[in-house]
Amino acid sequence: MNRFVLVALRNLWRLPGAYIKLCRHAKHPERYPEEERWRHVQKVMGWVIRSGNIDLQVSGKENIPQEESFMLYANHQGMFDVVALAATCDRPLGAVYKKELKNVPVLNKILQSTLSFDMDREDVRQSLTVIQQVTKQVLSGRNYLIFPEGTRSKNGNVMGQFHAGSFRAAGKAKCPIVPVAFIDSFKVLDQKGSAPVTVKMYYLKPIPYEEYADLKTVDLAALVKQRIATAMEDALVDT
């Protein structure tokens, strides 16, 4: 059985009410406190994990800044990455996502509810506008997620190129960067059927602005990628 079908069947009795509430949050986010909107997203994502035969093993949550705003930069292996981050990051997040996701049911409501921004990487002007908007939001105290590969890796636990431009927002906001490493996240949807699957994710130590202030964005991208790669290599050796 398809994993999402399994999740839907196991939560059939509570999904309508949850979806209606999510639609209200998405249509009028200004009417609801950010914490309330985020807790609802977390609750729904928790259902997906628990009922989808997914063993999500999380390390390093203590590395999530508790006082100042921050940006998460994670390797990207598939749609489940968003589910895992939403379920485990206790501080509200917005995200920068590719424009095609605007048409994905349910996910589009979550993105609207969290004041996320769609980006068209082929439109330079629009991309720069998004970076400016994210910078403004982070300076105002909100937190944001970016997948610097721009799209999911097609090679399992092998990362793609990190785009330097995605780090401009962090540099302009002068905020801590929290790298996040995913291992085997791709298996959630790529693996046929709904057999149990284990996914590991690691919130790595934050990189304070003082540590990267003098780096060019291309060098910062390389630094973050290397830290994620090292965490993945260490975890895979221990497996």
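Not measured: the values here are computed from a predicted model. Reckoned from all heavy atoms, side chains included, excluding hydrogens, waters and symmetry mates.
Using a 4.5 Å heavy-atom threshold, the side chains of Trp47 and Arg14 count as touching. Contact check for Lys216 versus Leu220: no side-chain heavy atoms found under the 4.5 Å cut-off. Between Ile207 and Val224 there is a side-chain heavy-atom pair separated by less than 4.5 Å.
Side-chain contact annotation: Glu30 with His28, donor-acceptor N/O pair under 3.5 Å present. A donor-acceptor contact under 3.5 angstrom links the side chains of Asp184 and Asn157, judged on distance only. No side-chain donor from either of Thr129 and Gln133 sits under 3.5 Å from a side-chain acceptor of the other. A donor atom on one side chain and an acceptor atom on the other are not found under 3.5 Å apart for Asn11 and Arg50. With 3.5 Å as the limit, one finds a donor-acceptor pair spanning the side chains of Ser185 and Asp81.
In this structure, the side chain of Arg10 engages the main chain of Ser51 through a donor-acceptor pair within 3.5 Å. Checking side-chain atoms of His163 against main-chain N and O of Glu149 turns up a donor-acceptor pair under 3.5 Å. Between the side chain of Asn2 and the backbone N or O of Val5 there is at least one donor-acceptor pair closer than 3.5 Å. Of the possible donor and acceptor atoms, one in the side chain of Thr230 sits under 3.5 Å from a partner among the backbone N and O of Gln226. In this structure a side-chain-to-backbone donor-acceptor pair under 3.5 Å is missing from Tyr73 to Lys225. Here the side chain of Asn108 pairs no donor or acceptor atom with the backbone of Asn103 at under 3.5 angstrom. In terms of modelled atom types and a separation under 3.5 Å, the side chain of Glu67 and the main chain of Pro65 share no donor-acceptor contact. Proximity of a side-chain donor or acceptor of Glu62 to a complementary backbone N or O of Tyr203 within less than 3.5 Å is not detected. Side chain of Gln112 to backbone of Lys27: no donor-acceptor contact under 3.5 angstrom is found. Checking side-chain atoms of Arg37 against main-chain N and O of Pro29 turns up a donor-acceptor pair under 3.5 Å.
Within 6.0 Å of atom CZ in Phe4, 12 or fewer heavy atoms from other residues, nucleotides or ligands are found, so the atom counts as exposed in its surroundings. More than 12 non-hydrogen atoms from other residues, nucleotides or ligands lie less than 6.0 angstrom from CZ of Arg91. More than 12 heavy atoms of other residues, nucleotides or ligands shown are found within 6.0 angstrom of CG on Asp55. The number of heavy atoms from other shown groups lying within 6.0 Å of NZ (Lys172) does not exceed 12.
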Next on the checklist: For Arg3 and Gln191: C-alpha separation, side-chain torsions, deciding distance, then whether side chain to side chain contact (heavy atoms under 4.5 Å, CB included) applies.
Outcome noted: CA-CA 9 Å; Arg3 198 176 303 275; Gln191 181 175 285; 3.6 Å; yes
Checklist entry - Going through the distances and angles, do Val218 and Phe167 end up as a side chain to side chain contact (heavy atoms under 4.5 Å, CB included)? => result CA-CA 8 Å; Val218 65; Phe167 290 88; over 6 Å; no
Next on the checklist: Could you walk me through whether Leu56 and Phe80 satisfy the side chain to side chain contact (heavy atoms under 4.5 Å, CB included) test, starting with their C-alpha distance in whole Å, then the side-chain angles of each, then the deciding distance to 0.1 Å, before giving a yes or no?
Outcome noted: CA-CA 10 Å; Leu56 178 60; Phe80 182 71; 4.2 Å; yes
Item to check | side chain to side chain contact (heavy atoms under 4.5 Å, CB included) between Ile228 and Phe162, worked out | outcome: CA-CA 11 Å; Ile228 294 174; Phe162 275 27; 4.0 Å; yes
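Residues Val124 make up the rest of the hydrophobic cluster containing Leu128, defined by ILVMFWY side-chain heavy atoms closer than 4.5 Å, directly or through other members.
Between Pro176 and Pro206, the shortest heavy-atom contact is CB-CB, 4.4 Å. Of all heavy-atom pairs between Asp118 and Gln126, the closest is O-NE2, 2.8 Å.
A salt bridge links Asp190 to Arg152: at least one charged side-chain nitrogen sits closer than 4.0 Å to a carboxylate oxygen. For Lys61 and Asp90, the salt-bridge test passes: some basic side-chain N is under 4.0 Å from an acidic carboxylate O.
With rounding to the nearest 0.5 Å, the separation of CZ in Phe147 from NE2 in His76 is 5.0 Å. Between atom OG1 of residue Thr88 and atom CG of residue Leu93 there is a gap of 8.5 Å, rounded to the nearest 0.5 Å. We find the CH2-SG distance between Trp38 and Cys89 to be 6.0 Å, quoted to the nearest 0.5 Å. Remark: His25 NE2 to Ile20 CD1 distance equals 12.0 Å, nearest 0.5 Å. Atom CD of Glu210 sits about 10.0 Å away from atom NZ of Lys174, to the nearest 0.5 Å.
Two rings, from Phe117 and Tyr97, have their centers 6.0 Å or more apart.
Clustering ILVMFWY residues whenever any of their side-chain heavy atoms sit less than 4.5 angstrom apart, transitively, puts Tyr202 in a cluster other than the one holding Val197. Hydrophobic clustering, with ILVMFWY side chains joined whenever heavy atoms are under 4.5 angstrom apart, groups Ile110 together with Val188. Residues Ile177 and Met159 are members of one and the same hydrophobic cluster, defined by side-chain heavy-atom contacts under 4.5 angstrom among Ile, Leu, Val, Met, Phe, Trp and Tyr. Using a 4.5 Å cut-off between side-chain heavy atoms of Ile, Leu, Val, Met, Phe, Trp and Tyr, with links allowed through other members, Val180 and Met71 fall into different hydrophobic clusters. Both Met79 and Val48 are part of a single hydrophobic cluster, where members link through side-chain heavy atoms under 4.5 Å apart.
Among residues two or more places apart in sequence or in another chain, the side-chain hydrogen bond (donor to acceptor under 3.5 Å, both in side chains) test is passed with Glu35 by Arg39.
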